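This report concerns only the one structure given below.
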Amino acid sequence: MTVKNVFTKFLEDLVQAQYNSYVYSQSLGEQGNSLLSIPFAEIKEITLDLNYAYDGNNAPTTCFQYNIDSLKNETLALLQMRLQSIMKLITEVIEENGIVNNDEWTTIKKGLKSEELKDFLTDFYKNGFQKNLTPLIVTCNDMQTELNPNNWSTMINLLELDALQQEILSHKDLQNWLTPRISQKITNQVKDNQTNDETNWLISLNLAKEIVQQSLNVVVDADQLKKYPAESIQKAKVVMRMKNLTIEK
């Protein structure tokens, strides 16, 4: 029997006992045709003194799970770092085409470096991560399958390209300064990032993988516990309340 099953059964019995009290009180009221309500017994607290020993014949089972917060923070940090490189690249390739001292371009260049744009794109990345990458992690955790670094970096690259195309290259204020050749050069640079990412993500995905103990088998039957050395028997006091649970060792 697992530790989880011990407490699950205990809670089920507690709830069932309270339910039986309600039903019995109701039946008494119906039989007596009383105008007054029949009081019922309310379970406020119950204590279980539990003796148990670990079952050495059955090794605890384990699984792994990816730390979503860790992967999210690392992904956002990477995208924010590369965002600065993208803005720098946009500025450089446009100015290489002869745009230098122009008031309109100066304003646009200032906007590309603004915190407002950075915050806006960060929110875009967060929403994209939640929509497209989080389900991928959850599925791998449920199916106990490894995240593929190539697929992972591809998804991040697509998220980055979406932000670039929808929120930057398509922005009306940049249309006068972007030629098809400039846009393609910037897009190609973002696509090239994926090749450089795969090795790094292989390491990061392994670091974000955590081993989780699924179940631990214990012996709680009094007769079976007699077969175990006294020093191997553990004790726990479990105090359960209807809306509170504390475990005291």
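Since the model is a prediction, treat every value here as computed from it, not as a measurement.
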query: Under 4.5 Å between side-chain heavy atoms, hopping through other hydrophobics if needed: is there a path connecting L205 to I68?
result: yes
Identify every side-chain donor-acceptor pair in residues 72-80 under 3.5 Å, counting partners at least two apart or on other chains, and give the distances.
| residue | atom | partner | partner atom | Å |
| --- | --- | --- | --- | --- |
| N73 | ND2 | D69 | O | 3.2 |
| E74 | OE2 | S204 | OG | 2.5 |
| T75 | OG1 | L71 | O | 2.7 |
| Q80 | NE2 | T122 | OG1 | 3.2 |

- prompt: Any chance the side chains of T187 and Q165 put a donor and an acceptor closer than 3.5 Å?
  reply: yes
task: Tell me, please, which residues at least two apart from P229 pass side chain to side chain contact (heavy atoms under 4.5 Å, CB included).
output: E231, S232
task: Could you tell me the separation between the CG atom of N148 and the OG atom of S153, rounded to the nearest 0.5 Å?
output: 8.0 Å
field: Point-to-point distance, once rounded to the nearest 0.5 Å, from CG of L174 to CD1 of I182
entry: 10.0 Å
query: Does any non-hydrogen side-chain atom of I137 lie less than 4.5 Å from one of W152?
result: yes
field: Residue pair V190 / I86: nearest heavy atoms and the distance that separates them
entry: CG2-CD1, 3.8 Å
- prompt: Who are the ring-ring contact (aromatic ring centres under 6.0 Å, His included) partners of Y66, not counting sequence neighbours?
  reply: F64
- request: Please report the closest heavy-atom contact between N132 and M155, naming both atoms and the distance.
  value: O-CE, 3.7 Å
query: Shared ILVMFWY cluster between M81 and L83, side chains joined below 4.5 angstrom?
result: yes
- request: Could you pull out the closest heavy-atom pair between N51 and I233, with the gap in Å?
  value: CB-CG2, 4.2 Å
query: Which heavy atom in A163 sits nearest to a heavy atom in L121, and how many Å separate them?
result: CB-CD2, 4.3 Å
- prompt: Which residues satisfy the side chain to side chain contact (heavy atoms under 4.5 Å, CB included) test with T107, sequence neighbours excluded?
  reply: none
- prompt: Can you pull the salt bridge (charged side-chain N to carboxylate O under 4.0 Å, His left out) pairs that have at least one residue in residues 131-146, sequence neighbours excluded?
  reply: E146-K209
- request: Would you confirm whether N127, through its side chain, and D123, through its main-chain N or O, come within 3.5 Å as a donor-acceptor pair?
  value: yes
- prompt: Below 4.5 Å, heavy atoms only, C-beta onward: do M87 and Q84 meet side chain to side chain?
  reply: no
task: Measure the spacing between CD of E210 and CG of N141 and express it to the nearest 0.5 Å.
output: 9.5 Å
Pairs satisfying salt bridge (charged side-chain N to carboxylate O under 4.0 Å, His left out), at least one member in residues 148-158, at least two apart: none
- line: Nearest heavy-atom contact between T154 and N150 is OG1-O, 2.8 Å
task: Begin with the C-alpha distance, continue with both residues' side-chain angles, and end with the deciding distance and a verdict on side chain to side chain contact (heavy atoms under 4.5 Å, CB included) for V219 and Y52.
output: CA-CA 5 Å; V219 176; Y52 65 95; over 6 Å; no
Residues which pass side chain to side chain contact (heavy atoms under 4.5 Å, CB included) with K185, listed by chain and number, not counting sequence neighbours: V93, E96
- request: Apply side chain to side chain contact (heavy atoms under 4.5 Å, CB included) to Q16 and list each qualifying residue two or more places apart in sequence or on a separate chain.
  value: Y19, N20
message: Are the side chains of K235 and L50 in contact, using a 4.5 Å heavy-atom criterion?
response: no
- request: Under the side-chain hydrogen bond (donor to acceptor under 3.5 Å, both in side chains) rule, collect the residues that match up with S70, sequence neighbours excluded.
  value: none
Results of side-chain hydrogen bond (donor to acceptor under 3.5 Å, both in side chains) for N151 - residues two or more places apart only: none
message: Going by salt bridge (Lys or Arg N to Asp or Glu O under 4.0 Å), name the residues that satisfy it together with E167, two or more places apart in sequence or in a different chain.
response: none
task: Run through I186, L158, L161 and flag the one making a side-chain contact (heavy atoms from CB on, under 4.5 Å) with K191.
output: L161
Check against side chain to side chain contact (heavy atoms under 4.5 Å, CB included), I168 and H171: CA-CA 5 Å; I168 302 177; H171 198 284; 5.9 Å; no
- prompt: Does the side chain of I90 reach to within under 4.5 Å of the side chain of K109, using non-hydrogen atoms?
  reply: no
query: How close do C140 and L147 get, heavy atom to heavy atom, and via which atoms?
result: SG-CD2, 3.4 Å
query: Which pairs count as ring pair (Phe, Tyr, Trp, His ring centres under 6.0 Å) when at least one residue sits in residues 117-139, sequence neighbours excluded?
result: none
